Amino acid sequence: MAERRRNSLPFLLPLAIVHFAAAAAAAAASAGSASFFEPFNVSYDHRALIIDGKRRMLNSAGIHYPRATPEMWPDLIAKSKEGGADVVQTYAFWSGHEPVRGQYYFEGSYDIVKFVKLVGSSGMYLHLRIGPYVCAEWNFGGFPVWLRDIPGIEFRTDNVLFKVEMERFVRKIVDLMREEMLFSWQGGPIIMLQVENEYGNIEWSYGQRGKNYVKWAARMAIELGARVPWVMCQQADAPETIINACNGYYCDGFKPNSYDKPTLWTEDWDGWFASWGGRLPHRPAEDLAFAVARFFERGGSFQNYYMYFGGTNFGRTSGGPFYVTSYDYDAPLDEYGLLSQPKWGHLKDLHAAIRLCEAALVASDAAQYLKLGPKQEAHVYHGNNHIEDHNLTRYTGQGVCSAFLANIDEHRSATVHFLGQAYILPPWSVSILPDCRNVVFNTAKVAAQTSIKSTANELPLNSIVSGDKIKKTSGTCYFGKSWTWSQEPISVWSPVNFTVEGILEHLNVTKDLSDYLWHFTRIYVSEDDIAFWKEKDMRPTVIIDSIRDVLRVFVNGQLAGSTFGHWVKAVQPVDLLQGYNDLVLLSQTVGLQNYGAFFEKDGAGFRGKVKLTGFKDGDMDLAKSLWTYQVGLRGEFLKIYTTEDNEKAEWTYLTQDDLPSTFSWYKTYFDSPDGTDPVAIDLGSMGKGQAWVNGHHIGRYWTLVAPKGGCQPICDYRGPYNSEKCCTNCGKSTQTRYHIPRSWLQGSDNLLVIFEETGGNPFDISIKLHFSEIICGQVSESHYPPVQKWSLPDSVGGRISINDMTPEMHLHCEDGYVISSIEFASYGTPKGSCQNFRKSSCHAPNSLLVVTKACQGRNSCSVRISNTEFDSDPCRGTVKTLAVQAKCISSSEHLSAL
């Protein structure tokens, strides 16, 4: 059946796909480009993608190349593969590749060809989502801002102007991939493409023109001749030639709009993004594993973690409004590229369990459903055989058989009977049986370690200073006394300004070349006005019907006040003097809208009436005033954040008496920390602004504090997840640490430049190293042996085998680190959790000795969970658990201490 459906796929008919192995190999040789694979075709049937003639069950790792540096890419890809991913998924970012219309950029972090080749060289496949709308919490949804300035254009609808530009970019990317021999049939890693993105969520807003647009986009994509399948996510009316796919926290109930299409999950949201002044989302590993297991259990065949690595919104790329610079996303790899444990390790075990089931999953056209209880069920996959009796006492015949046993009860464990055996299922969990007999993994039983990220100890404020920079020292360093500063003028400074009557739309003026747009005017105040205010005990007030994202009001060079929000009313009292007063309105963006219908019309700046109230003769309509407009900051224009141009500013040495100062530039130098650990800068002492290192824009910063409430003391994985569940960081600044990629640093004399808007203390800024210092494990006798130790099913009986059923605890420091000490160890019935373990009356006295002997001084270690390992049974008849907390230090530090 699979072969028949594959040959009758409608998207293949007009392309007449055949194997291109010889032709592709010859073309690759002539182009001087090495193939990463033997050329292979990709098609699909109702069950799965078919790669080189074989159905596959695939797990994919979402990594966005511009959210990391090229130097980080190989490690991210390698860790994704080690974690069990088969595919890497990424968007193509139009705004980065065509910042100016007709001028393309494919260098640095936008070298998409290099990224795809690195994926191929690792032996992984690639899913390329061209869009070109990406959403992705990326500025303007990935569209270049110049697109909105084309007269008559309407985004993402049946608009000729938009379709011409969209097709031109999509064609550019497809042609580039073809020229570089990166499609599967050329020996490259690209197995699938995507056009559009989540359009079904807003299609109704466009009526019939939206439906026409979907059909056009599908036809345009197919006619490009990429010769791999195309998908549209969240698109229930995707044409027959396009696979429609699911996005969400759970997609186990999703079915495509045609029986001839496989079930794909293009965005498995393993966390969520954060906004300035918001809490930090966290999705438990148990629930994420439950969602993935349920997806494959119920017929899914391809799922992608959005994100597997989130990374950083460097520069001004974060969307919004108000999305933070970090795009950590609570992903399996954190913002810096380190493993987020236990999530990474738990998913690695899950992927290994699914791999053990793959032979049965691909051999079956559909699962056999069995009800095991009121909220318990099984889905069984096998070849030509089936479970014959309804009493579930035996599986007859030979061949592979895999089963998923699910307990969807959110509160209670359940004992179920399947094929004559009893299985205990924790609440909200799935057990995976690759041979329909042995459980190798349960989504609620986490054997992976927990890693606690830390930073090096801070040095005192009087760090060693020489000249105007700090000398390199170990650990975290403060910048001490070495700061200089320069004032940003609150006045017209640029010859590139203009004066018109009225209030102009922000983006129409800035073209998003800067966050900042200055509006200058002069207000005359009479003696009668002054007397009127005194008599009425009132102040004149600037009132704007609606602003986004930030408004700052200056009077005679002094900041009067600020308002921020997404189209909120601004009411700002001001103090005016008799005579002429300089009134300055500064509008700012904090990431352009990236989601929704018609978002290109959202704009920025001010809407509605803009007036100055309280005058004796009535309100002043500022929309009728003459305004001088100026885009950006003087420091931006002069590029004083670069090593080449930073001396164009007039820098003076900064003292504590100069603080706090609004709209100021600060500069210092620092030496790169030793080692290879990721580097962060702590800007918790500052207010709001932007920062650069050696001319590289590390992003916006803002120390807005999250609400004190809304964080649960204990995160319960059970039950459906949403972004408000299991939040952390309540009552703290949403983000204070910002990633400085190692590749942006030199050994010494690194230039740090900060633009501060509201006032802060740069003397308390510090550079910190980011690493996993504390690692913990908690594994019991009821856990299963390591998944990786099971053999693949044999070809005759489909049996899996293992030599030892003893559970194990595995501990692992980051590369370059070793376990220096065991801070806690108890085999018995320990209480608490990582960083809060406690012994109980049931405790093996040699616990610490056994674990120390196995682990101390090593990068990684394992300890068997058994009475034999600890030479005793501390409490007979009770399930024992081993709890361990260990400390990791750098290998060099460990050697020096010996």
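Nothing here was measured: the structure is a model prediction, and the numbers come from that model. Just so it is clear, the values below take in all heavy atoms, side chains as well, and ignore hydrogens, waters and symmetry mates.
In this structure a side-chain-to-backbone donor-acceptor pair under 3.5 Å is present from S364 to A360. Between the side chain of Q89 and the main chain of T266, a donor-acceptor pair closer than 3.5 Å is present. Of the possible polar contacts, none joining the K79 side chain to the L333 backbone as a donor-acceptor pair under 3.5 Å is found. Although no hydrogens or angles enter the test, the distance criterion places a donor-acceptor pair under 3.5 Å between the side chain of N197 and the main chain of V134. No donor-acceptor pair closer than 3.5 Å links the side chain of D158 to the backbone N or O of Y213. Of the possible polar contacts, none joining the N407 side chain to the S429 backbone as a donor-acceptor pair under 3.5 Å is found. For the pair E137 (side chain) and G319 (backbone), a donor-acceptor distance under 3.5 Å is absent. Under the 3.5 Å distance criterion, the side-chain polar atoms of S340 are matched with a main-chain donor or acceptor of A331. A donor-acceptor distance shorter than 3.5 angstrom exists from the side chain of R718 to the backbone of H411, with no hydrogens or angles considered. Judged by distance alone, the side chain of Y381 and the main-chain N or O of V400 form no donor-acceptor pair under 3.5 Å.
Checking I63, V119, L128 one by one against T90, the side-chain contact (heavy atoms from CB on, under 4.5 Å) holds for a single residue, L128. Among F295, Y306, F302, the one residue that satisfies the ring-ring contact (aromatic ring centres under 6.0 Å, His included) test with W265 is F295.
Within 6.0 Å of NZ on K163 lie more than 12 heavy atoms contributed by other residues, nucleotides or ligands. R412 CZ: 12 or fewer foreign heavy atoms inside a 6.0 Å radius.
Ring geometry for F273 against Y329 counts as tilted: the plane angle lies between 30° and 60°, on a 0 to 90° scale. Note on ring orientation: taking the six-membered ring where Trp is involved, the planes of H351 and Y305 are tilted (angle from 30° to 60°). A tilted orientation is assigned to the rings of Y249 and W272, their planes being inclined by 30° to 60°. Ring pair F115/W73 is perpendicular by interplanar angle, where above 60° counts as perpendicular and below 30° as parallel. Using cut-offs of 30° and 60° on the angle between ring planes, the pair H64 and Y91 is tilted.
Under 4.0 Å is where a charged nitrogen must lie from a carboxylate oxygen, and between R294 and E377 at least one such pair does. Contact check on K117 versus E180 returns a salt bridge, with a Lys/Arg side-chain nitrogen under 4.0 Å from an Asp/Glu carboxylate oxygen. Salt bridge status for D435 with R437: absent, with no side-chain N to carboxylate O gap under 4.0 Å. Salt bridge status for E358 with R55: absent, with no side-chain N to carboxylate O gap under 4.0 Å.
Contact detail for P720 and W428: the closest heavy-atom pair is N-CZ2, 3.6 Å. Considering every non-hydrogen atom in both F418 and Y423, the closest pair reads O-CE1, 3.6 Å. Pairing each heavy atom of M166 with each of W216, the nearest pair is SD-CZ3, 3.7 Å. Minimum interatomic distance between V787 and A353 (heavy atoms only, all atoms of both residues): CG1-N, 3.6 Å. Nearest heavy-atom pair, E196 versus Y199, reported as atom, atom and distance to 0.1 Å: OE1-CB, 3.5 Å.
The line from CD1 of I242 to CD of Q194 is 10.0 Å long, rounded to the nearest 0.5 Å. Put simply, CD on E267 and CD on Q303 are 12.0 Å apart, with the number rounded to the nearest 0.5 Å. Between K343 atom NZ and H282 atom NE2 the span is 6.0 Å, to the nearest 0.5 Å. From L126, atom CG reaches atom CE of M192 across 9.5 Å, with rounding to the nearest 0.5 Å. With rounding to the nearest 0.5 angstrom, the CG atom of N438 is 13.5 Å from the CD1 atom of I432. Annotation: the span from R799 atom CZ to W790 atom CH2 amounts to 10.5 Å, rounded to 0.5 Å.
Side-chain atoms of Y308 and W344 include a donor-acceptor pair closer than 3.5 Å.
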Could you go step by step and tell me if L361 and F404 meet the side-chain contact (heavy atoms from CB on, under 4.5 Å) rule?
CA-CA 11 Å; L361 292 172; F404 295 78; 3.9 Å; yes
Please determine whether ring pair (Phe, Tyr, Trp, His ring centres under 6.0 Å) holds for the pair Y125 and F40, giving the CA-CA distance in whole Å, both sets of side-chain angles, and the decisive distance to 0.1 Å.
CA-CA 12 Å; Y125 303 128; F40 62 95; 5.7 Å; yes
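Side-chain atoms of D260 and E240, non-hydrogen and from C-beta on, do get closer than 4.5 Å to each other.
Because its NZ or CZ atom is both nearer than 6.0 Å to the ring centre of Y250 and within 45° of the ring axis, R283 counts as a cation-pi partner of that residue.
Cysteines C246 and C233 have SG atoms no closer than 2.5 angstrom.
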